[in-house]
Amino acid sequence: MILRIENLTKTFRSRGRRWLGPQTSFTALNDVSLSIGKGESFGLVGESGSGKTTLTRCILGLERITSGRIVFDGTDLTTLPAAEMRRMRARIQIVFQDPYASLNPRMLVHDIIAEPMEIHQDTLGLGARQRSDRVIELLELVGLGAQHLYRYPHEFSGGQRQRIGIARALAVNPEFLILDEPTSALDVSVQAQVLNLLHDLQQKLGLTYLFISHDLGVIRYICDRIALIYRGDIVEEGGVDDIFERPSSDYARMLLAAMPEPDPAKSPFNTEAAG
Amino acid sequence: MAFLDIRDLHLAMRTFEGEAHVLNGINLSVERGEIWGLVGETGCGKSLTGLSISRLVPSPPGRYLRGEIRFAGQDLLATPEDGMRRLRGGHIGMIFQDPTTNLNPAFRIGEQMVDVALHADAVDPAILGLAPGASRRQRRVEARRLAIAMLDKVGVPDAARRIDDYPHQFSGGMRQRVLIAMALIGKPELLIADEPTTALDVSVQAQILRLIHSLVLEYQLAVLLITHNLGVVAQLCTHVAVMYAGNIIESGPVRPVFRNPTHPYTRALMKAVPHATHRRGELQGLPGSVPNLFTPPPGCRLAPRCPVAQPRCAERVPPTIAVSPGHDVACVLATPAGSAAA
Amino acid sequence: MSASATPDARASAVAARRQNWRRAAYRFQQSWLSIVGLAIVVLLFVAAVAGPSLVPYPADIAGGINTATRFEAPSIAHLFGTNELGQDVFTLVIAGARISLLSGVAVVVLGALAGTIVGALAGYYGGWTDEILMRIADLKLTLPSLILAMAVAAALGAGLVNTIIAIALTWWPGYARLVRGEVIAKKEELFVQVAQALGAGTGRILRRHILPNIVSPIIVKMSLDMGFAILTVASLGFIGIGVKPPTPEWGSLLSIARNYMPDYWWTAMFPGLAIFLAVFGFNLLGDGLRDVLDPRARR
Amino acid sequence: MLRFAVRRIVLLVPVIVGLSLLIFAIARLLPGDPVTLAAGPNATQAEIADLAREFGLDQPLPVQYWHYATGLVTGDWGQSIFTRRPVLEDLKAYLPATLELVVVAMVLAIVIGIPAGLLAAVYRDRWPDYVSRVVSLGAISMPRFFLGLLLQLGLAMWLGWLPLGGRFPLTEDPPPFVTGFLTIDSLWAGDPHAFGVALAYLALPAFATCLSPLATITRMMRATTLEVLQQDYVLTERALGLSQRLIIFKYVLKNAMSSTLTVIGLYFGWLLGGTVLVETVFDWPGIGLYATKAIVTQDFMPVMGVTLTIGVLFVAVNLVVDLLYGLLNPKVRYE
Amino acid sequence: MFNLTRRQSLTGATALVASAAMGGRAAHAQAKRILVIASNQDIPNFDPHIATGYSASMLLRNTYDSLVRTEGTPPKPVPQLAASWTASADGTEYVFKLDPAARFHDGTPVTAEAVRYSFNRLLRLNKGNAWMVAGIVDENSVQPVDAATVKIRLVKPFAAFLQVLPWLWIVNPKAVDANKGSDDGQTYLRSTIAGSGAWRVRRAEAGNLYEFERVEGGWQQGGGNLTGAIWKIVRETSTQRLMVGRGEAHIAVDLTSEDMDALKGRPGVVSIIEPEYRTFSIKMNTRHGPLADINLRRAVSWAFNYQAMLDAAGYAQLMTGPLPDGILGFDPTLAVPRMNLDKAKEFLAKSDYAKGGIKLVMNYVSGLDQQRRWGLVLLDSLRKLGIELDIKPMIWPDMVASARSPETCPDFFPVYQTANYGDPDNIAFAAYHSSRNGGWQNPVYSSPKVDDLIIRARSETDEAKRKELYVAFQKAVVEDAPDIFGVLEKRKLAMRSDVQNFHFTPVASNAIELFPLSLK
């Protein structure tokens with residue numbers, strides 16, 4: 001097990017001082033427990049507001065948790081001192097959903113990819129020259145090239161930007177990659193390229209993925225095991241085929257039923273008649 | 001002539017870089033009761049096609065170079081703005097992608113619906129069914145009654161009370177229902193739905209699709225559903241038109257097109273969608289990216305990325321060929337129906 | 001391989017940036033008003049830099065007088081006529097450009113600097129820091145700035161530097177508010193969250209990720225504020241709390257000269273027009289820059 | 001909505017306390033020795049000390065503030081160290097003139113500026129837009145004192161259409177004091193002649209005052225309208241066939257108003273403190289002139305009084321703006 | 001640009017609008033005969049024993065009475081409350097016979113007791129004009145002999161005693177005692193008139209205007225036909241001028257030379273440009289800094305461009321020494337410096353600053369444009385000696401504060417001195433006696449010789465001897481070069497020609513007496 005989440009609970013208090021109204025709170029994650037094995041692709045499926053994003057923010061230490069433990073490779077992240085946590089960040093990286101927004105529009109591709117190496121300079125110990133070489137290496141790894149080094153993000157298409165985002169995440173040699181809906185903003189043909197790239201990278205680098213998506217097709221394609229999260233609760237967890245073939249919770253069944261498959265024969269409507 | 005008939009529609013948009021040919025000879029015929037899925041990737045012109053029907057493409061920078069759009073026989077491109085306004089809402093309803101931004105946040109939903117209903121009534125007095133001499137107040141009361149009925153119809157619970165709520169008090173799915181109610185309050189014959197479910201969760205998406213389907217059956221609507229989701233098309237649509245870089249490259253009834261995609265692009269698209277049967281690493285994306293519309297490739301716009309491209313593809317725009325009745329493909333490799341089938 | 005690829009890549013990057021500039025220039029040129037503004041501002045800068053060496057009576061700038069030629073109407077010898085001490089009004093007005101520009105720039109830069117620091121801290125840290133800094137800024141906004149500037153300037157005594165300090169003190173809250181809002185918006189941007197997830201420190205995030213992305217609105221505000229700063233300096237001069245004589249400041253020139261209206265109209269008219277033109281130029285320029293730089297103001 | 005309003009009003013208390021504290025701090029931290037100044041040129045050290053004691057200036061700052069703050073509440077705003085007149089009495093005499101000027105100017109600016117901005121946005125890049133842009137930029141750039149001078153010379157002196165300055169004909173008695181607004185008081189007294197006269201005196205100062213807010217409101221309105229016009233819901237409204245007029249004057253206006261409202265609130269306060277220039281030119285007996293005189297003599301009780309009054313008015317106006325904002329913007333209200 | 005014919009042709013066209021806007025004000029004023037005086041000074045305080053400034057003087061002069069008035073050129077004391085008086089030969093005792101008709105506004109007769117009460121209140125408060133008699137009169141000096149006779153014993157002789165009396169006003173003890181409060185009636189008198197003058201305040205709008213109306217059944221006999229008057233605060237002199245030009249004001253009291261030029265030949269406007277006893281000189285710091293060097297002071301005095309100063313001053317004449325022209329003891333033959341660069345450089349060479357290269361500081365009252373101009377004249381003049389000048393505008397109170405010591409006093413300290421009473425002692429004592437050091441009238445200058453001359457002159461009762469003493473005084477002062485002797489600006493008033501019976505006096509000429517005036 002590389003990541004173990006034990007009884008994680010996260011409660012948000014409502015923002016703002018409201019001294020003329022009652023204090024309200026909202027539980028985003030409710031006693032969540034998960035474990036992810038080294039080298040596996042773990043899928044986390046849920047609809048908007050289910051707590052997926054909060055969970056990733058907790059793992060990354062961007063959110064203070066209310067109770068529970070997050071153990072990464074034997075270390076409890078929630079009690080880690082700040083300096084240690086910073087070091088740990090080199091081992092856990094994230095790729096966000098929106099490739100348009102996750103790249104700083106004012107930075108060159110080179111600088112974007114080199115930045116994690118600068119931040120984790122003490123761990124990696126790379127000089128400026130070495131960093132530049134590694135940037136090119138990374139670009140080539142994700143299917144781009146040295147000709148893209150000195151350009152700004154807006155000069156790239158969505159798929160290319162997501163590749164840049166992946167290259168950035170890989171810059172510090174992480175072992176664990178959180179993929180937060182990495183393809184949901186992409187067109188299908190581009191999504192296919194990115195999914196294939198992710199698959200190849202995992203093969204090549206032995207990465208562990210936490211893949212978050214609401215697209216069941218994508219999840220089924222890329223993941224080994226999945227967990228379904230609904231309003232802060234894990235409602236089902238298991239092997240991907242098990243859940244897709246034999247869903248045990250109502251929620252899983254509902255999701256599967258609602259998933260539109262690109263096969264007119266499976267349409268719930270009698271569309272043929274109208275034509 | 002079809003109920004909605006788009007013939008050889010060419011649209012150019014002026015930008016800093018030059019004039020982009022964003023629609024390049026669109027042909028489409030839609031009948032009442034048909035649900036057409038207009039699919040394609042970002043920037044292929046599917047939304048502009050929808051907006052063109054309502055004549056909502058701003059001009060400038062938009063400019064129609066050629067072609068015509070006929071709606072119930074009326075040439076829309078030649079209709080003055082005033083005439084278009086009478087068609088909008090009353091005869092052509094539209095809904096858009098993001099239900100959170102498409103409702104005016106400063107007004108109660110009822111206020112907006114009543115105005116739409118009053119407008120539709122001004123076009124067609126049958127909507128409210130009031131005598132010509134009815135007072136403004138009477139009309140508003142009746143319009144409000146209609147709005148509540150419509151909300152009820154689209155499945156907004158407790159419609160009579162919620163009509164006085166503001167948009168931010170509704171969930172995303174409910175807002176989309178409100179928008180649908182608003183689009184249908186004028187009893188249009190054509191509904192243009194531009195990515196109506198993209199911003200919604202799958203479970204909500206399924207409900208909305210079901211709603212649209214039932215409304216089509218009830219009102220004999222012609223629907224143009226613009227989407228990039230092949231699954232949605234497969235589920236809801238009777239017909240599909242696949243767009244690429246401003247062209248419809250394949251169109252026809254859903255089943256033949258999906259079972260037997262003929263155009264290389266359609267095929268690539270189908271293959272790119274992850275499917276239960278796909279093994280990891282087997283998905284096939286289309287290499288390359290969408291062509292630059294300022295200087296599009298001379299022949300088939302897919303040619304540079306096409307896995308089966310031939311030299312002649314780059315020379316001339318391929319003609320549209322019917323590979324089976326109603327199933328049209330714009331590819332040189334397609335074989336016309338009736339000729340020796342593969 | 002990297003060595004061979006890099007120069008090429010750099011060249012293309014340069015080309016791309018040039019393209020961006022051209023695009024910006026194109027948008028800017030779309031509006032002839034912006035060009036007029038730019039022209040006025042360039043003219044101002046020329047006058048400010050080279051003015052003292054261009055004017056016909058440079059001695060008058062430092063207070064030279066010639067009471068034998070008092071109140072002469074505009075002529076070839078004195079384009080804008082002469083004033084109550086026989087000084088050449090044209091010379092004084094041209095020399096005034098330097099004072100106005102200098103004080104305008106100083107006020108805006110000081111204000112923007114202070115405001116950006118306060119706003120960035122408040123926006124980034126939020127919570128109590130934000131609460132305290134912004135309440136102070138809000139309080140500051142409720143105080144009548146002109147009266148406050150007058151009070152501070154009067155208390156510090158006349159002089160260009162004191163005037164600048166007095167105005168700059170009232171100037172920062174606008175920037176603090178702007179920057180705070182922008183920082184809060186940018187803080188939520190994904191790329192900032194990515195940087196946080198990468199373990200970047202506050203300094204790096206502010207410096208590399210947030211501030212570079214909010215310079216546009218700051219620059220736009222600065223260019224628009226330049227006009228108002230010049231106007232405020234002139235206002236203080238007009239009220240009589242401002243620079244010391246013989247500094248040829250437009251507001252003071254106008255203030256002195258208004259008593260000679262309308263008989264010796266040239267003494268008042270030209271400084272007044274100079275203020276108007278300078279402010280107008282900066283406003284036109286700022287407006288144009290906003291169209292180019294501030295994406296929200298664009299279509 | 002009521003709770004929203006109550007909350008906003010309760011929030012005013014710390015603001016006003018903070019304001020008085022800030023003003024007090026600024027007044028005391030500035031250099032200058034008002035007591036010596038007030039004691040006059042021939043005063044001895046002992047007399048100066050007496051005067052300092054009389055004004056409580058020999059006590060520690062917190063005590064001074066306490067006296068000042070309690071005085072504010074009980075209606076004792078201190079007195080001018082030079083004229084020995086109570087500040088509150090002076091404010092009562094000067095404030096209505098400034099308020100009347102500012103209110104009339106703001107009303108003009110709003111009534112003209114909002115439709116002008118709306119039209120400029122609707123006719124973007126066509127002549128109404130260009131005209132309004134050039135005029136409003138010009139108006140913002142025009143120094144008010146310079147404009148005032150030109151107006152005075154042109155309309156009052158040269159053409160003789162309007163009075164040169166002042167508020168009311170000297171030799172006529174103004175209407176009895178009710179609000180201090182001569183226009184309102186004259187109507188109250190049922191004196192249309194006095195009303196006309198008061199308006200004639202108001203015309204030039206109000207015009208000179210209103211230009212800058214008018215231009216700002218126009219520009220703000222144009223910008224927000226353009227922003228709103230690009231919103232998805234406007235496209236939806238158009239797609240549903242609502243008429244352009246209905247969309248602009250109902251659906252767009254209400255949304256565009258909310259940002260403009262903020263500007264109006266800010267401007268109101270800004271004008272209150274900024275009328276001094278116009279007052280100087282037109283001899284308008286208002287709070288700005290009063291403040292200028294006090295500032296020049298470092299008579300800080302009046303300066304503090306003026307600043308506090310303007311600050312409180314500003315806060316009050318912005319409270320109203322906030323409440324209106326809540327009306328326009330349901331999200332705020334229900335938050 | 002502002003074309004006269006154009007304006008005139010338009011006047012007719014716009015008369016309708018104008019009359020609609022301004023109502024029948026002209027007619028209205030006619031019936032009531034209200035005189036409008038435009039001035040830039042407010043009257044914040046009505047207390048006759050506190051308020052100072054010409055605007056307050058104007059108010060007090062018309063609403064209160066004093067024992068004597070001043071009239072004519074040169075000014076002479078004439079009866080007011082005192083119908084007649086006698087002075088002892090040694091000049092230490094005066095006996096005044098009060099006019100039996102004199103009544104306060106509430107009808108109470110003006111008695112000797114009221115005079116005593118008023119003098120003692122003035123001395124007690126020690127503000128306002130108290131300085132005029134400080135050290136001359138004490139609390140026991142004023143002794144009522146009977147109800148209508150009052151004797152004043154001076155502590156020491158004071159030649160100008162009758163000249164200062166017009167500025168010491170008599171209040172109604174009954175009214176003040178009834179509203180005494182804890183501050184000797186200061187609060188009451190701040191906004192209430194308790195006098196016996198021919199006028200009362202009808203309307204007071206602070207910062208805007210003060211309207212006077214004639215006291216019905218006032219004790220004074222005769223006078224002009226005015227029914228009322230308005231003291232209107234008009235801050236800009238150009239506006240004052242425009243108002244007189246348009247007939248909106250009858251008298252403008254603060255006009256500049258440029259304004260007078262602009263009004264020249266304007267129909268219906270009378271210009272009054274008269275000399276008065278108001279000196280302007282630039283005092284030098286004789287005790288601290290470079291100017292403590294007498295040769296540098298002389299160099300500066302000789303380098304100064306007097307002609308430019310006169311040009312910039314407009315209607316004025318250059319001063320010949322420390323005293324104003326025409327005043328008792330004035331010596332027109334005095335040799336004073338006039339611009340002579342050779343002589344200036346000669347003195348400079350003798351000073352410690354032979355090469356120049358120093359920077360001197362001049363403060364002036366911000367907003368006083370004449371002082372600014374003269375500052376620039378000085379700057380321009382000093383440049384020829386290689387000396388720089390830093391001109392600092394300051395508010396008047398700060399200037400006063402800087403005069404407190406030689407160390408804080410700037411190198412150049414420009415001062416106007418207005419004669420409150422028409423006697424050389426007024427200027428000689430205030431501006432050159434060392435006892436006044438630290439005050440604005442004479443911050444630093446101190447010379448035992450000059451002190452002696454001043455003291456002897458002020459207690460001398462023989463006029464010829466006094467004249468001699470003042471001639472010696474002038475010579476001694478010029479020798480020391482403590483000042484750049486500047487200009488005597490003429491008093492510039494503009495008046496509508498329908499104002500009648502106005503007689504100029506060179507003291508307090510802008511604190512106009514309403515009583516004799518009439519409107520045609």
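A note on names: the letters A, B, ... follow the listed sequences, proteins ahead of strands, and every chain is numbered from 1.
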Query - Proximity breakdown for Leu103(A) and chain C, heavy-atom pairs closer than 4.5 Å - result: backbone

Report summary line: From the list His209(C), Arg208(C), Lys186(C), side-chain hydrogen bond (donor to acceptor under 3.5 Å, both in side chains) with Asn104(A) holds only for His209(C)

Query raised in the report: Has Arg87(A) got more than 12 heavy atoms of other residues, nucleotides or ligands less than 6.0 Å from its CZ?
Result: no

Report summary line: Closest non-hydrogen atoms of Leu190(C) and Ser102(A), given as atom of the first, atom of the second and distance, are CB-CA, 3.6 Å

Query - Heavy-atom pairs under 4.5 Å with chain C, option from Ile119(A), Leu60(A), Ile178(A), Ile92(A) with the top count - result: Ile119(A)

Query raised in the report: Is Pro105(A) close to Glu189(C) at the side-chain level, that is, under 4.5 Å between some pair of heavy atoms?
Result: no

Query - Identified side-chain contact (heavy atoms from CB on, under 4.5 Å) counterpart of Leu198(C) within the set Arg89(A), Arg86(A), Arg168(A) - result: Arg168(A)

Query raised in the report: Which one, Met88(A), Arg57(A), Glu118(A), leads in non-hydrogen pairs under 4.5 Å with chain C?
Result: Glu118(A)

Report summary line: When rounded to the nearest 0.5 Å, the distance separating CD1 of Ile94(A) from CD of Gln196(C) is 11.5 Å

Query raised in the report: Which atoms of His120(A) come close to chain C, meaning under 4.5 Å heavy atom to heavy atom: side chain ones, backbone ones, both, or neither?
Result: side chain

